[in-house]
Amino acid sequence: MSLKHLHRKLRNTDLPSEEFDPISAFESFESPVISNIIPPDRYTEPKEDYSDIITKVEAKKPQLASALKKLNLYQQQAVFSEDQKLLLSAMVGSGKTTVLTHKVLYLHFIKGIPLSQMAVLTFTNKAAREIKERILSFYENSTPPNSDELRYFGTFHSVARQLIKEHPKLQELGFTPDFSIMDQEAKEDFLQRLIVSHELDVKYRNKLDKRLKLYRNEKQIIYGNMKNPDDLVQLLNISRKEKQANNLMDFDDLISVINWQLKLKKTFIPEWIVVDEFQDCNQEQIELIQNLSDDRSHFFAVGDPNQSIYAWRGSTNVIFQNYIEDQSFVIMRLPLNYRTSGQLLNAASCLLQQDNDALQATRDQGKKLIIRNHFDDHQEAYYYVQKFKEVHQHGTPRTEIAVLFRTRQQIAIFESIFQLEGIPCEVVSKTKLREQAALFWLQNILLSGLHPNDMDSILRVFTSTDFGCLKAGKRLLSTFSKFIEGKEFASKLEAFSCFLSEKYKKHAEYIDLCQRLMGLADYLRSRKRDVNLYQYLSLDFFLKPTSINYKDDVADIKNALNELDHYTLKNYFGDWLEIYRAAMSQVSLEGHFQINSGIQTETKGVSLLTIHAAKGLEFDHVYLSGANSGIIPLERKKAGYDHLKEEKRLLFVALTRAKNHMEISWHTKSSAWNAQDGPSYFLNSIPSALLEKVDTAPTKDSELETTPKVELNDDSKWKVGTKVKHPKYGTGEIKSCNEQDVVCDFGKFGEKSFASAWAPLVKI
DNA sequence: TCTGGGTAAATTTTT
DNA sequence: TTTACCCAGA
């Protein structure tokens with residue numbers, strides 16, 4: 001059923017508008033709906049006192065005991081539980097990471113479980129790092145565990161990589177232990193290269209990922225307007241063979257390969273499996289957990305079904321439900337929220353289908369949730385400019401202020417207006433290694449040297465626009481494949497080296513680089529700790545001191561090489577080549593070179609971020625922008641019921657980011673195509689006693705002044721340097737203009753030109 | 001090679 | 001609403 005249809009159907013029901021909640025309305029007459037509610041009697045409630053256990057801990061590890069004393073009874077219960085299978089339903093802001101780390105410490109120090117007998121699985125590197133750091137902080141007076149003891153502490157993917165390498169059955173799958181890892185973009189490059197070099201006919205090429213998913217799940221080949229099947233299946237077969245031949249795995253392969261291996265032969269059964277953010281597990285990750293356990297192994301998982309916002313990535317809320325129904329699992333809960341003030345938390349919990357005491361506030365009542373109406377995003381941004389100045393003057397640091405958005409596109413105009421008005425701000429999003437040309441090049445250099453059959457990395461080294469010497473494309477691929485036809489080479493790298501010296505003699509330095517890459521493995525092994533990759537690879541020549549970015553590039557690359565040094569030294573176990581490969585795998589898995597301490601984000605200003613990116617963060621002041629119906633929930637053609645529920649949880653996550661002040665805004669005239677009039681109907685679930693509705697939208701008269709319309713364009717309107725807004729490309733700057741055309745630079749979208757008379761541009 | 005009809009879709013992002 | 005794209009027919 002389409003969303004529109006759904007809305008219409010729901011509007012026709014005769015519910016009073018105040019309590020009108022389309023979701024529950026829909027649930028009441030559509031069937032069947034799986035309930036998310038955990039029955040209250042399913043919980044094992046805590047005892048009144050755990051001081052006897054704490055006294056015992058005191059004798060063995062006083063530092064831990066004093067930390068445990070600070071926990072509440074629910075938290076202590078979970079830490080001290082002796083149950084073999086325990087699922088902890090942790091409410092938002094209830095200290096779940098604290099419980100998880102204390103549990104690990106308790107098991108280790110008091111119950112005597114070696115750390116190497118625990119698999120502690122997380123979804124993000126950040127979480128893995130935080131857990132490890134918290135554990136290491138308990139070793140003030142003793143030698144901390146080495147990296148070998150903590151080798152099964154990490155993300156699902158990094159632990160999978162570790163297990164794959166240790167497993168004897170890898171060869172049977174056609175891989176060797178020195179496999180390398182492709183990130184999502186590398187995988188796309190890889191597939192596109194196969195399409196070109198095998199001359200495959202593949203339609204909808206930039207929907208390749210979507211099509212592959214459709215094929216995997218539903219064996220569907222025909223897509224869109226296609227009449228006949230294309231070479232999609234062939235592509236899959238070729239890619240499978242190429243991956244084995246080149247010893248490459250993508251992220252998904254890591255999990256499925258280890259599952260395949262463990263089904264064949266269980267090599268390692270940890271005594272304890274500990275899982276963080278359990279609600280985000282997908283089917284394969286659940287399988288991995290099962291493959292790592294047997295009758296005697298213990299299991300402890302922490303999660304919050306109400307914060308499950310990644311169904312589109314494969315997690316299913318049903319998983320939580322299944323475990324709850326499994327009577328061999330003990331279920332405990334952490335209902336106490338320490339973050340959000342009372343009225344705000346109450347408002348947020350109205351979005352959940354939970355019992356009253358499921359989520360309990362521990363703080364003061366605080367302020368009400370504000371629902372504010374703005375005319376449009378432009379006006380809203382200027383409201384914030386004023387507001388943030390006030391808030392800042394009242395002593396709230398800018399880093400404690402965040403503006404949340406449903407989509408990334410909404411962010412651009414706020415960023416540019418804040419910059420224009422001198423409000424320091426930062427768009428929180430992961431910067432891609434690929435966008436930092438020098439570091440991306442370095443990554444590919446090292447990958448080529450460490451994995452000399454990784455054709456894509458080799459190609460990227462020599463076809464880089466900034467640092468390479470060849471032009472990427474079909475032509476290069478076909479001349480290369482003609483060149484190697486019928487010849488035998490030890491590796492792709494060697495083949496490429498011969499190819500270069502035969503066909504591109506003039507690029508002597510690059511031929512030289514190729515030679516050094518072929519010797520990289522020996523260099524790393526023989527020189528032991530005395531490596532200087534910068535010098536060995538003569539990077540100074542390629543970075544070109546004349547380039548504008550030279551200084552930054554050199555600094556970035558030296559920094560990256562330092563990180564590698566640090567990592568390899570810290571984790572060294574006897575094979576320098578292996579440890580460099582491990583380091584580069586970690587770089588691929590994390591998407592940056594800061595593999596020791598993670599990326600240090602020095603946020604100085606107001607944070608602008610999507611709700612998804614805000615998960616796990618908290619701010620004193622939170623503003624959710626543009627929450628019209630149609631944006632929250634985000635309207636889609638094929639919206640199922642599950643989508644609506646997830647969007648509601650997303651709103652819940654947004655509301656629970658705030659500590660003291662929360663505002664939700666909606667626009668009278670939204671610029672988004674899918675936005676409807678009026679605020680998100682999800683807000684109807686919140687009783688008006690908990691809300692404060694404010695209208696700051698201008699009256700009709702002032703509307704005309706403050707909101708730029710697409711007026712008749714006269715030639716004088718466009719001037720070089722004018723900042724403009726485009727409905728699709730966001731904000732840009734006029735680069736040139738004449739009577740016919742306007743050329744405008746939209747940053748990441750590049751330069752676009754429009755007919756002067758019709759340009760859909762608005763001055764800002 | 002160009003035109004018009006038809007179809008799907010648009011979002012979130014970690015590893 | 002707008003955009004991207006396949007496909008068939010000029």
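Naming convention: chains lettered A, B, ... in sequence-line order (proteins, then strands); numbering from 1 in each chain.
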Worksheet item: So does A:Gln409 get a side-chain nitrogen or oxygen closer than 4.0 Å to the phosphate oxygens (OP1/OP2) of B:dT11?
Response: yes

Between CD1 of A:Ile595 and C1' of B:dT15 the distance, given in whole Å, is 15 Å

(Q) Check A:Asp304 with A:Lys96, please: is the shortest side-chain N to carboxylate O separation under 4.0 Å? (A) no

Pair A:Asn291-A:Asn259, side-chain donor/acceptor within less than 3.5 Å: yes

When A:Lys207 and A:Phe156 are each assigned the nearest nucleotide of DNA chain B, the 5'-most assignment goes to A:Lys207

Closer than 4.0 angstrom, basic N to acidic O: yes or no for A:Asp178 and A:Lys165?
no

A:His612 NE2 to B:dT15 P, in whole Å, measures 15 Å

- Under 4.0 Å: is that the gap between some side-chain N or O of A:Arg313 and OP1 or OP2 of B:dT15? no

With sequence neighbours left out, the residues meeting ring pair (Phe, Tyr, Trp, His ring centres under 6.0 Å) with A:Phe299 are A:Phe278, A:Phe329

- Query: Contact class for A:Asp183 (heavy atom, under 4.0 Å): base, sugar-phosphate, or nothing?
  - Reply: nothing

From the candidates B:dT12, B:dA10, B:dT15, the one with an atom nearest any side-chain atom of A:Trp673 is B:dA10

In whole angstroms, the gap separating C1' of B:dT13 from CZ of A:Arg406 amounts to 11 Å

Separation of B:dT15 atom C1' from A:Asp250 atom CG, nearest Å, is 11 Å

Nearest-nucleotide check on DNA chain B, A:Thr155 vs A:Glu646; residue mapping nearer the 5' end is A:Glu646

Got A:Val302 and A:Val274 here, is their nearest side-chain heavy-atom distance under 4.5 Å?
no

Here the salt bridge (Lys or Arg N to Asp or Glu O under 4.0 Å) pairs for residues 152-161 of chain A, sequence neighbours left out, are none

ask   = Is any side-chain nitrogen or oxygen of A:Thr610 closer than 4.0 Å to OP1 or OP2 of B:dT13?
value = yes

When rounded to whole Å, the CD to P distance for the pair A:Gln220 and B:dT7 reads 15 Å

Examine B:dA10: is either OP1 or OP2 under 4.0 Å from a nitrogen or oxygen in the side chain of A:Lys210? Give yes or no.
yes

In whole angstroms, the gap separating C1' of B:dT13 from CD of A:Glu277 amounts to 14 Å

* So, do A:Phe190 and A:Lys243 sit near enough that their side-chain heavy atoms are less than 4.5 Å apart? -> yes

A:Leu433 CG to B:dT14 C1', in whole Å, measures 15 Å

Take atom P in B:dT11 and the same atom in C:dT2, then report the distance between them in whole Å. 16 Å

Closest to the side chain of A:Glu647, out of B:dT11, B:dT15, B:dT13, is B:dT11

- [ ] Answer yes or no: is there an ion pair linking A:Arg313 with A:Asp280, defined by an N-O contact shorter than 4.0 Å?
- [x] no

OP1, OP2 of B:dT15 versus side-chain N and O of A:Lys430: anything below 4.0 Å? yes

ask   = OP1, OP2 of B:dT11 versus side-chain N and O of A:Asn674: anything below 4.0 Å?
value = no

Protein-proximity profile, nucleotides 5-10 of chain C, B/S/- by nucleotide at the 4.0 Å heavy-atom cutoff, equals SBSS--

Rounded to whole Å, the CG-C1' distance (A:Asp209 to B:dT14) equals 14 Å

